[in-house]
Protein chains: 2
Amino acid sequence: MVGGGQLARMTHEAGIPLGIKFKLLSDTPQDSAAQVVGDVVIGDYRDLDTLREFARGCDVITFDHEHVPTEHLRALEADGIPVRPGPDALVHAQDKGVMRAKLDEIGVPCPRHRIVTDVEDVAAFAAEGLAEGAGGDGFPIILKTVRGGYDGKGVWFVRSIEDAAEPFRAGVPVLAEEKVDFVRELAANVVRSPHGQAVAYPVVESQQVNGVCDTVIAPAPGIPDELALQAEELALRIAKELGVVGHLAVELFETPDGRILVNELAMRPHNSGHWTQDGAITSQFANHVRAVLDLPLGDPRPRAKWTVMVNVLGGDYPDMYYAYLHCMARDPQLKIHMYGKDVKPGRKVGHVNTYGEDLDDVLERARHAAGYLRGTITE
Amino acid sequence: MVGGGQLARMTHEAGIPLGIKFKLLSDTPQDSAAQVVGDVVIGDYRDLDTLREFARGCDVITFDHEHVPTEHLRALEADGIPVRPGPDALVHAQDKGVMRAKLDEIGVPCPRHRIVTDVEDVAAFAAEGLAEGAGGDGFPIILKTVRGGYDGKGVWFVRSIEDAAEPFRAGVPVLAEEKVDFVRELAANVVRSPHGQAVAYPVVESQQVNGVCDTVIAPAPGIPDELALQAEELALRIAKELGVVGHLAVELFETPDGRILVNELAMRPHNSGHWTQDGAITSQFANHVRAVLDLPLGDPRPRAKWTVMVNVLGGDYPDMYYAYLHCMARDPQLKIHMYGKDVKPGRKVGHVNTYGEDLDDVLERARHAAGYLRGTITE
């Protein structure tokens, strides 16, 4: 696995029971996964020689993130190393321009969008929205760099033409999108194997705070069966049409009139699927491992009526021990997943999962624990 | 953790979500746990200098097995390293003579037993059984070396005086025990923390084949509530009286007249608790980690009506991949736990867990999968 973040850490954890010989390429020995994996190579994934040397002897290569250059992936494939997901699929998670073009081509509903070339073009894009009912001058709109963004980085909420210059400064192509009037965000998580077998997890509600995922509720409360089925089928269709192998997360907007629009794609285990570790029969990490190795996939169905995941952001505690004492004593059913990262304010350093019959109770327990581990709740 | 077997492997797996910095002392880099742990020291636990050097910087030491010499554990404690379970507790799992004496002292029901000094003494022990209703010449009886046995090794089923010489050849004290007429074997698993908090898992039925654990059913089918409670209380009392910290497995005989007798003790995660990985809210491995670190313990209750564990013994397959294809496709809910060991006939190389509402179905699925992975079932 290339990349030493928490997704690699949790994939290793899920691979241990299958006897997988897990080898990691990590930037530093301190990275989240590098702390817990036996076979670690320290190196830069942007360097092709490093990547080639790492890949030698691997049965298959997969990823903790989407940042490995496409041409490097093609070189590995030319060396005869299976790369899953492959470069032709992964490019849709790397480049938002390519992703939007492909989704348009296969008829997947997306927010109105267009690659924009400069500030004047942004104004034109905004004005085009007026015809579709946007108010005032067509703002606000969203601008995104087509590559390199995550967790709200590389994304601008543009209220007026004055805000539109900043995104162009990086010299990367910029995608403009309408600001969708959504009632909530959903995520459809599916896993697909090279054989073409695929499984769909229940559609979840994903709540963001400051552009960062905060809470995930599985399944999405009150979602009509019809809409849930539509979202699952959409994600399965995208996985198939794009040739995804492994986990695919499709982030969705639910609109007031009951439609769904695709916001983002991720081709790896995803924050909106962390609940599956304790709430599903087979976790997203275990199924990603199975898919990548072309093994039959595990049952994705939930084990509890409700499962809630809340992220733990870095806060006041450099050492979690005393916070653990409180949280574990208060809730013996709580599931804590920490990433071994240095605590820096605002950084995702872990998450908690809770499950049960009563959603209010499950939500309260998860939020209390995450708040306490962060230090924003102290009693 | 001292010892690189599968128990250390699965303890590491359970410690990852808590951000535990797990350090392993392993005999070889090929040992089960050494394959998947980042921080591994290769060395001999019987060498005090090696053990001391390993322990430096550890917050606490625990064990994959019971073979570390008691005097070494005392030396570590004298160095200021917390050892959990401590030597005064662990000796009861190391020395069956000490264990029986202590259980007698605290009034725990055991099979009739006595340390025997030679073949004549064995005959005398057998004859003593006649008074209590044993047939014929008082045989069969059981002989055990007081130290060093496991999985049927160091245990002799003695049918007549002619069989009684062998156990004395090792020069280790020998314990004689009556051959208990039992209807089945049970196991009571509990976990106790330094604070004295303790939790009890449901009492399970443990089925042995050739002296090796084969199948565990949780909870024990048809066990009267009264007997289950009695077994749990007995295990909790033993944990307290012996000062156990961490996991304690109490292997029990259930007699035809509805009594329970203690067979063996183990002070570490135990084969009879492997079902908890997929069948309990908190696994025995997670609770062992929590106990050893003096954290509040997790909920031990079951998540399913029935959970079954069946061991996978080494068989015909050096590579499990094709067996995985069959087993995973046949049962998408199957949980496979392999240990990364070389497959040698009869060696425990993994286990499977299944759970569900219908015991016959759950048993059939686990047995089929374990048989297929071993190679004894091929269709």
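Small disclaimer: the values here were computed from a predicted structure and weren't measured. Computed over heavy atoms, backbone and side chain alike; hydrogens, waters and symmetry mates excluded. Residue numbers begin at 1 in each chain, while the letters A, B, ... track the order of the sequences.
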Checking [X] against chain B: side chain, backbone, both or neither under 4.5 Å from a heavy atom?
| X | result |
| --- | --- |
| Leu24(A) | neither |
| Arg330(A) | neither |
| Asp331(A) | neither |
| Val37(A) | backbone |
| Lys341(A) | neither |

Determine, stepwise, if the pair His288(A) / Thr11(A) fulfils side-chain hydrogen bond (donor to acceptor under 3.5 Å, both in side chains). CA-CA 8 Å; His288(A) 184 72; Thr11(A) 302; 5.9 Å; no

Result for ring pair (Phe, Tyr, Trp, His ring centres under 6.0 Å) between Phe285(A) and one of His12(A), His274(A), His247(A) points to His274(A)

Counting heavy-atom pairs closer than 4.5 Å to chain B, which one of Val36(A), Val349(A), Leu334(A) comes out on top? Val36(A)

Please determine, among Asp278(A), Ile20(A), Val199(A), the option with the most heavy-atom pairs under 4.5 Å with chain B.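 The option with the most such pairs is Asp278(A).
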
Find out whether Arg347(B) and Asp342(B) are in side-chain contact, i.e. whether some heavy atom of one side chain is under 4.5 Å from a heavy atom of the other.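 Side chain of Arg347(B) against side chain of Asp342(B), heavy atoms only: contact under 4.5 Å found.
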
The test is side-chain hydrogen bond (donor to acceptor under 3.5 Å, both in side chains); show your working for His270(A) and Ser272(A) and say whether it passes. CA-CA 5 Å; His270(A) 188 254; Ser272(A) 65; 2.7 Å; yes

Centroid-centroid under 6.0 Å between His351(A) and Tyr339(A) rings: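 His351(A) vs Tyr339(A): aromatic centres under 6.0 Å.
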
Using a cut-off of under 4.5 Å on heavy-atom pairs, state which of Ser32(B), Ala304(B), Gly19(B) scores highest against chain A. Gly19(B)

Chain A contacts, top residue of Gln35(B), Lys21(B), Gln277(B), Arg290(B) (heavy-atom pairs, under 4.5 Å): Arg290(B)

Show your reasoning for whether side-chain contact (heavy atoms from CB on, under 4.5 Å) applies to Tyr321(A) and Leu295(B). CA-CA 8 Å; Tyr321(A) 189 79; Leu295(B) 288 165; 3.5 Å; yes

Ignoring hydrogens, what is the shortest heavy-atom contact between Phe54(B) and Val2(B)? Give both atom names and the distance.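 Closest approach of Phe54(B) to Val2(B), heavy atoms only: CE2-CG2, 4.0 Å.
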
